[in-house]
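In this text, all values refer to a predicted model and were calculated from it rather than measured experimentally.
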Amino acid sequence: MTEQDIERGRKNAIISYLTIIGVIIAFYLNKEDDKKSDFASFHIRQSLGLWLTFWALGYPIGSFDNWMISIGFYVFFAVLFIYGFTGALGRKAQEVPLVGAFYQKLFKNLGN
């Protein structure tokens, strides 16, 4: 990724971490030919994976009715989101720990 590509896709990368709706908005903004960025595509894949995993696991984890498990779950995902978000702010294409490589493989066709 070139510095020009990173600068062009930085805004979309940051938007993608805000909400699940932000992922959709960033995806469509990144589809425009003159604004397409590999940097943004990388972060869109990361944040989409985080949001989908968060929503898929949130209900089963919340049904344990144990605040320690629920708090642990929320702290775990907060750390992952902060890690990804700061990577986007810092112009770095670093994978989220533990699950980032999986998300890149799973959504490899997204943004191409």
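Follow the hydrophobic side-chain contacts under 4.5 Å out from Val79 and you never reach Ile61; the two are in separate clusters. Using a 4.5 Å cut-off between side-chain heavy atoms of Ile, Leu, Val, Met, Phe, Trp and Tyr, with links allowed through other members, Leu52 and Tyr59 fall into different hydrophobic clusters. Note on Val96 and Phe76: same hydrophobic cluster, where clusters join Ile, Leu, Val, Met, Phe, Trp and Tyr whose side-chain heavy atoms are under 4.5 Å apart, directly or indirectly. Hydrophobic clustering (ILVMFWY, side-chain heavy atoms < 4.5 Å, transitive): Trp67 and Leu57 are in distinct clusters. By the rule that hydrophobic residues join a cluster once side-chain heavy atoms approach within less than 4.5 Å of another member, Phe27 and Trp55 end up as members of one cluster.
Legend: side-chain hydrogen bond (donor to acceptor under 3.5 Å, both in side chains) pairs involving residues 75-102, not counting sequence neighbours, sorted by first then second residue: Glu7-Arg91.
Here the CD1 atom belonging to Ile25 is positioned 11.0 Å from the CD1 atom belonging to Ile44, to the nearest 0.5 angstrom. Here the CG-CD1 distance, from Leu89 to Ile14, works out to 4.5 Å after rounding to the nearest 0.5 Å. Separating the CZ atom in Phe42 from the CD1 atom in Ile6 is a distance of 11.0 Å, to the nearest 0.5 Å. Taken from CZ in Phe54 to OG in Ser47, the straight-line distance is 14.0 Å, to the nearest 0.5 Å. Once rounded to the nearest 0.5 Å, the distance linking CD1 of Ile15 with CD1 of Ile21 reads 13.0 Å.
Residues forming a ring-ring contact (aromatic ring centres under 6.0 Å, His included) with Tyr17 (at least two apart in sequence, or on another chain): His43. Remark: Phe85 pairs with no residue by the ring-ring contact (aromatic ring centres under 6.0 Å, His included) rule, at least two apart or across chains. In this view, Leu106 and Phe102 satisfy the side-chain contact (heavy atoms from CB on, under 4.5 Å) rule, not counting sequence neighbours. Partners of Tyr103 by ring-ring contact (aromatic ring centres under 6.0 Å, His included), not counting sequence neighbours: none found. Residues meeting the side-chain hydrogen bond (donor to acceptor under 3.5 Å, both in side chains) test with Arg8, sequence neighbours left out: Asp5.
Looking only at side-chain heavy atoms (C-beta outward), Pro97 and Leu80 come within less than 4.5 Å of each other. In this structure the side chain of Ser41 reaches within 4.5 angstrom of the side chain of Asn30, judged on heavy atoms. For the pair Phe73/Ile69, no side-chain contact is recorded, criterion being any heavy-atom separation below 4.5 Å from C-beta on.
The local environment of CD in Glu32 is crowded, with over 12 non-hydrogen atoms from other residues, nucleotides or ligands closer than 6.0 Å.
Nearest approach of Thr53 to Phe77, heavy atoms of both residues: CG2-CZ, 3.5 Å. Minimum heavy-atom separation, Val23 to Ser16: CG2-O, 3.1 Å. A pairwise comparison of heavy atoms in Ala13 and Phe39 identifies CB-CE2, 3.8 Å as the closest pair.
No donor-acceptor distance shorter than 3.5 angstrom exists from the side chain of Gln46 to the backbone of Gly84, with no hydrogens or angles considered.
In this pair, Phe81 and Trp51 present their aromatic rings tilted. The plane angle is within the 30 to 60° band.
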